[in-house]
Peer 1: 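My structure is below; once you've seen it, I'll send some questions.
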Amino acid sequence: MTMQSVAAIPVGDAPPVRTKTFIEFEKASIRYGRGESSVEALTETSLKIAEGDFVALVGPSGCGKSTILKMVGDLLKPTTGHVFVAGREIGATPIRIGMAYQNPTLLPWLSIRENVMLPLKIVPPFRQEFRAKKKGEFRERVDALLEQVGLAGFGDRFPWQLSGGMMQRANLCRALVHDPDLLLLDEPFGALDQFTREELWATMQDLWMSKKLTVLLVTHDLREAAFLANRICVMSARPGRILDDSEVTFARPRTIDMTYEPDFVALNQRLRAMIVGARAAPSLSKAAGAAS
Amino acid sequence: MIKDFIDLLRRKSASTALIVGVFVAWELICLLFGISDIVLPRPTQVVGALIQYWPAIMPHAYQTLYTTLTGFGIGVGIGVLLGVIIGSSRLAYDTAYPLLVGFSSIPKVAVVPIFVLWFGAGTVPAILTAMMICIFPVVVNVATGIATVEPELEDVMKTLKASKLDILMNVGLPRAMPYFFASLKVAITLAFVGSVVAETVASNRGIGNMMMIASSSFNVPLVFAGLFVLAGLGVALYAAFSIIEYRTTGWAHRKTDPSAA
């Protein structure tokens, strides 16, 4: 197990990396259901995520990656233990969160621009100014963001007129339009073809480098994790816990070609071996449980 | 423009031909077998009665339309309210749904005498019957639309700290609109059934009452004229709600939208 500090990551020409802990899991566990039929989804997990960091969670399916994401988003409460955000128990500090899933869930009755604008209608302080600014400042803000992800001129289209990749770009814009402190991504590129996916990685990297927000990414794709993240946490099969926590030190901006270089491939192979091992482990423990 | 119109005619030609064909066949069968107009009047006789009694039919038609629309309006209002409550809360759904199903499976004819007992014969029982019959389809559809919001979208909204009301107004209700309009088309035709049944049982006005009186005096063409009026009103209101539906929830019918191509 390699537990390294998350400080001093070379990030291209970025300003000095902030190392303040932003999110902290303190022996947090989650148990679904009650009594004997309950399932432990996450065993006592401790994890620190620095402000401005880009962390990827990988692991076998059903290992509790999404559970961690939902806890950070305050959608799930830990059964035991604590989750701290900005030094206080989650919920106590109002932080702005953006979230994007694999399913773009754009609202079909709204244009792309109106879809992306939705968080501004809900999140304070934009909420109070929404009526006054929706045709002026907010519209420009949304259009600028759409342009940044390569959707310039698509604001008036409706979701069904866009391809899957374009919808996912719009989904990212919706997750970012309210200037969140924290972006939660749950396999956002999982349903796309490889080339579209790689394009979106580059877009995502640009967005992260320009906005300097903290990102937590859940993914099955090890190349994706290694391309995008500063840090990769490998999780074990259910009940989930963090097996390995490694830094990714490739210089930014990273390119797709870099993903075929020996260092990168070696990292992928190491991660892959770890996950294959993690997948095999639970059947052993089950057998042991049956024997006892 | 002209091309569109020809296209529309072509698409509608089959259904138009069917309607015309039914009436022609009806007319011919009556003539061929010499069926008495006391048993089954020919369509031409029905239309004749319609024209002959038009001044007498009008107030009745107006009365039926009035009771139907009033009952429908109140029923839809209550239905939407209940649908929103049941759709937004699991607890309300589990609690209220069995009662609602029981309530809706009572044949509405059976409650007309009770309404007459409470409010006397006339307009009020007809409105109430139309109202009762409307509620259920609206409740079920609105509740379904709201309750089936994608969980991912709900998560996204919750991480934005959206309140239940925010989610309802921005996601739940707009999403439920196609379901709601589908239920309106069902409800408006049912409302006619309700008000006519009530008029037939206990009223001195309305198409249902007119048909009762006409049949007791063996004026069968007038009875059928009443049916024609009801069918006409029903189709007109159905069409009206279809147009409103298309205008407001066009996004749900995008397959027929030429701009989607």
Side-chain angles (χ1 to χ4, degrees), chain A residues 66 69-76 85 90-91 93-111 114-115 117-124 126-127 130 156-162 171-172 174-188 191 216, chain B residues 80 83-84 87-90 141-142 144-184 242-261:
Chain A
S66 298
L69 204 73
K70 283 185 176 170
M71 284 161 84
V72 177
D74 205 7
L75 299 168
L76 277 177
V85 172
I90 193 158
T93 320
I95 56 159
R96 273 188 240 148
I97 302 176
M99 192 166 202
Y101 279 101
Q102 179 175 330
N103 176 358
T105 62
L106 298 172
L107 305 175
W109 55 91
L110 297 179
S111 69
E114 290 166 324
N115 262 296
M117 226 183 254
L118 185 68
L120 300 179
K121 203 171 171 182
I122 287 162
V123 177
F126 308 106
R127 187 191 179 103
F130 187 74
D156 292 315
R157 301 287 186 93
F158 283 86
W160 75 82
Q161 297 171 315
L162 267 58
N171 190 19
L172 281 180
R174 184 178 64 183
L176 288 168
V177 72
H178 55 296
D179 268 339
D181 309 297
L182 175 66
L183 180 61
L184 303 175
L185 302 172
D186 196 342
E187 293 182 45
L216 189 54
Chain B
V80 168
V84 167
S88 342
S89 151
R90 184 81 223 171
N141 278 277
V142 171
T144 307
I146 291 174
T148 52
V149 170
E150 295 99 325
E152 291 98 337
L153 186 57
E154 231 176 301
D155 281 358
V156 168
M157 296 297 283
K158 279 182 192 160
T159 53
L160 295 172
K161 301 278 172 245
S163 65
K164 279 222 157 201
L165 188 67
D166 285 333
I167 299 179
L168 184 69
M169 296 308 284
N170 288 297
V171 180
L173 277 183
R175 199 176 179 289
M177 281 299 117
Y179 296 85
F180 172 64
F181 280 107
S183 77
L184 283 193
S242 296
I243 292 168
I244 299 173
E245 176 187 21
Y246 193 80
R247 285 280 167 85
T248 49
T249 61
W251 56 269
H253 303 270
R254 55 186 180 247
K255 294 250 161 56
T256 54
D257 186 347
S259 68

Peer 1: Checking heavy atoms, do the side chain of E150(B), its backbone, both or neither come under 4.5 Å from chain A?
Peer 2: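 For E150(B), the contact with chain A is made by the side chain alone.
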Peer 1: Applying salt bridge (Lys or Arg N to Asp or Glu O under 4.0 Å), which residue pairs with at least one partner in residues 243-253 of chain B are found, sequence neighbours left out?
Peer 2: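 Qualifying pairs: K185(B)-E245(B).
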Peer 1: Below 4.5 Å, heavy-atom pairs only: which of T249(B), V156(B), L160(B), V171(B) has the largest tally toward chain A?
Peer 2: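 Ranked by heavy-atom pairs under 4.5 Å with chain A, first place is L160(B).
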Peer 1: So what's closer than 4.5 Å to chain B heavy atoms on F158(A): side chain, backbone, both or neither?
Peer 2: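 Nothing of F158(A), per the 4.5 Å heavy-atom cut-off to chain B.
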Peer 1: Which heavy-atom pair separates G73(A) from T159(B) by the least distance, and what is that distance?
Peer 2: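 Scanning both residues, the minimum pair turns out to be O-CG2, 3.7 Å.
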Peer 1: Could you tell me which of Q102(A), R96(A), R174(A) has the largest number of non-hydrogen atom pairs under 4.5 Å with chain B?
Peer 2: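 Greatest number of close heavy-atom pairs with chain B: R174(A).
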Peer 1: Go through the atoms of L118(A) and report whether side chain, backbone, both or neither lie under 4.5 Å from a heavy atom of chain B.
Peer 2: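 The side chain, not the backbone.
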Peer 1: Of all heavy-atom pairs between T105(A) and L153(B), which one has the smallest distance, and what is that distance?
Peer 2: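 T105(A) and L153(B) have their closest heavy atoms at O-CD1, 3.4 Å.
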Peer 1: When rounded to the nearest 0.5 angstrom, what is the spacing between CD1 in I122(A) and NZ in K158(B)?
Peer 2: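 Here the rounded value is 13.0 Å.
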Peer 1: Can you tell me how far CZ of R127(A) sits from NZ of K161(B), rounded to the nearest 0.5 angstrom?
Peer 2: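 That separation rounds to 13.5 Å.
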Peer 1: What residues of residues 174-181 of chain B sit under 4.5 Å from chain A when you count only heavy atoms?
Peer 2: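 The residues closer than 4.5 Å to chain A, in numerical order, are P174(B), R175(B).
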Peer 1: With a 4.5 angstrom heavy-atom cut-off, could you sort out which part of L75(A) is near chain B: side chain, backbone, both or neither?
Peer 2: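 Contact with chain B involves the side chain of L75(A) alone.
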Peer 1: Using every non-hydrogen atom in the two residues, find where Y101(A) and D155(B) come nearest and quote the distance to one decimal.
Peer 2: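 That closest heavy-atom pairing would be OH-OD2, 2.5 Å.
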Peer 1: Examine whether an atom of D166(B) lies under 4.5 Å from a heavy atom of chain A, and if so say whether it belongs to the side chain, the backbone or both; otherwise answer neither.
Peer 2: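 Contact with chain A is through the side chain of D166(B) alone.
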